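Keep in mind it's a predicted model, so treat the numbers as computed, not measured.
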Amino acid sequence: MTLSDTDLPVASIIMAAGRGSRMKGYEGNKTLLPLEPGTSVFNGRHPIIMNLMENLPSGPKALIVNHCKEQVINTTRHTGVVYCEQPVLNGTGGAILVTGDFLASQRAPHVIITMGDVPFVKKTTYETLVDGLSTHDLMILGFSPDDKKQYGVLEIKKGRVRKITEWKFWKEYPSQRQAMLTVCNSGIYAVRKAELVAYLPILASRPQIVQKQVNGRMMDIEEFFFTDLIETMVQDGKRVGFHVVDDEFETMGIDDVAALEKAQAIYAGLAG
């Protein structure tokens, strides 16, 4: 199987709805931040979202929008992407749920799911994920950092992912077990479209209630998490595999000013 095979287009879903509360001093959509700074780190050329889209496999693309959606649309309109609005920012699962009509209209048998602030994933890495769908129903892109920080980790057995465990749970594991968990979840996936479509109604039926601060008050918010869909697939015996990037910088998300400055320096090195 190769991506050049015209009978196997690849659809892509890009999550770009959130603002990014940790990007202090910036009120726009962080996917529009420049990789080539100009007058400041926040103003310049070559937006993150454009670098990301250039590396994705050719094929139909859906861009999930909410925060500063007009600016996002104006920046990307020429690419021919389909826009799916996430009216309420209710988690990664909520973002995927709004793409139901897009997915139903596509003949592509494979789907890439990625975040809009991860600009350095290589085209060959996406191709490897999709290639993995020849023997798996879903593939997870992983990375192995020296410091796992608070990332979710993949629990792997016999070459397959059995569980994605969040930090609040694995931090309670004995140190020996923690040391064995070396692969972190990047939040980037490839999945067979038929399986994704089949599991969306199940995901929609299983919201989680989380506490978040809204306008200075703690409130119960209904959210959906894509990792819950993966957990259900594993429980149903679906084959979930993984691929680990050689260099963790490839999957870096641009969450704050320090990460933005680092990304700009990396991009300058790649361009130079």
Side-chain angles (χ1 to χ4, degrees), residues 15-24 30 64 66-67 86 88-97 113-118 121 138-157 160-189 191 199-200 202-236 238 240-245 248-259 262:
M15 293 182 278
R19 180 176 74 84
S21 58
R22 286 189 282 171
M23 192 65 67
K24 303 301 182 184
K30 65 179 179 175
I64 302 170
N66 177 297
H67 181 65
Q86 185 180 7
V88 179
L89 299 180
N90 56 352
T92 54
I96 303 304
L97 287 172
I113 297 172
T114 187
M115 298 169 292
D117 67 340
V118 186
V121 180
L138 184 141
M139 290 287 294
I140 301 172
L141 186 61
F143 63 103
S144 295
D146 293 332
D147 180 0
K148 295 195 290 281
K149 298 180 181 178
Q150 296 185 14
Y151 295 116
V153 296
L154 308 187
E155 300 207 30
I156 300 162
K157 185 177 181 181
R160 288 187 182 168
V161 178
R162 302 303 179 185
K163 189 177 183 181
I164 300 175
T165 303
E166 299 303 323
W167 171 77
K168 65 180 179 180
F169 298 113
W170 69 254
K171 71 174 182 176
E172 303 298 333
Y173 287 177
S175 58
Q176 186 176 8
R177 185 177 178 187
Q178 288 190 30
M180 296 173 63
L181 301 172
T182 61
V183 181
C184 295
N185 177 26
S186 72
I188 299 170
Y189 313 97
V191 58
Y199 277 85
L200 286 183
I202 300 173
L203 176 64
S205 70
R206 297 178 182 177
Q208 292 192 30
I209 304 300
V210 299
Q211 280 206 330
K212 285 193 171 181
Q213 190 169 21
V214 180
N215 297 324
R217 296 176 53 200
M218 294 302 295
M219 299 182 63
D220 288 341
I221 305 294
E222 187 176 82
E223 292 198 354
F224 300 85
F225 297 97
F226 189 72
T227 49
D228 289 348
L229 180 149
I230 297 173
E231 182 175 350
T232 303
M233 289 181 69
V234 171
Q235 291 171 351
D236 288 350
K238 300 298 180 181
V240 177
F242 66 98
H243 170 67
V244 181
V245 294
E248 65 178 281
F249 98 84
E250 190 177 343
T251 58
M252 72 174 289
I254 302 177
D255 295 325
D256 53 28
V257 174
K262 181 178 179 180

Tell me every residue that passes ring pair (Phe, Tyr, Trp, His ring centres under 6.0 Å) with [X], counting only those two or more places apart in sequence or in another chain.
X      : value
Phe242 : none
Phe225 : none
Phe224 : none

Mind checking whether [X] and [Y] have side chains closer than 4.5 Å, heavy atoms only?
X      : Y      : result
Asp220 : Val210 : no
Pro145 : Cys184 : yes
Ile140 : Asn185 : yes
Thr92  : Met15  : yes
Ile164 : Ile230 : yes
Thr114 : Val121 : no

How long is the straight-line distance from [atom2] of [Y] back to [atom1] of [X], given to the nearest 0.5 Å?
X      : Y      : atom1 : atom2 : result
Arg162 : Ile156 : CZ    : CD1   : 10.5 Å
Leu229 : Ile113 : CG    : CD1   : 8.0 Å
Ser186 : His243 : OG    : NE2   : 10.0 Å
Met115 : Ile254 : CE    : CD1   : 11.0 Å
Leu203 : Met233 : CG    : CE    : 11.5 Å
His67  : Ser21  : NE2   : OG    : 10.5 Å

So, using side-chain contact (heavy atoms from CB on, under 4.5 Å) as the criterion, who are the partners of Lys171 when residues are at least two apart?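 Expected list: Trp167.
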With a 3.5 Å distance limit and no angle check, can you tell me whether Asn66 reaches the backbone of Gln86 through a side-chain donor-acceptor pair? yes
Partners of [X] by salt bridge (Lys or Arg N to Asp or Glu O under 4.0 Å), sequence neighbours excluded?
X      : answer
Arg22  : Asp255
Glu250 : none
Lys148 : none

Do other residues, nucleotides or ligands put more than 12 heavy atoms under 6.0 Å from Gln235 CD?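 Yes.
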Is it the case that over 12 heavy atoms from other parts of the model lie below 6.0 angstrom from the CZ atom of Phe169?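 12 or below, so no.
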side-chain hydrogen bond (donor to acceptor under 3.5 Å, both in side chains) with [X]: which residues, sequence neighbours excluded?
X      : result
Asp256 : none
Tyr199 : Asp236
Glu155 : Thr165, Tyr173, Arg177
Thr182 : none

Minimum heavy-atom separation for Val183 to Gly142, with atom names?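 Closest approach of Val183 to Gly142, heavy atoms only: CG1-CA, 3.9 Å.
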Give a yes or no on whether the ring-centroid distance for Phe143 and Tyr151 is below 6.0 angstrom.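 Close enough - the centres of the two rings lie under 6.0 Å apart.
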Side chain to side chain contact (heavy atoms under 4.5 Å, CB included), paired with Leu154, selected from Val240, Val161, Val244, Leu181: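 Filter result, single survivor: Val161.
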Write out all pairs satisfying salt bridge (Lys or Arg N to Asp or Glu O under 4.0 Å) with one or both partners inside residues 222-231, taking only residues at least two apart or from two chains.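 Every pair satisfying salt bridge (Lys or Arg N to Asp or Glu O under 4.0 Å) with a residue in residues 222-231: Lys212-Glu223.
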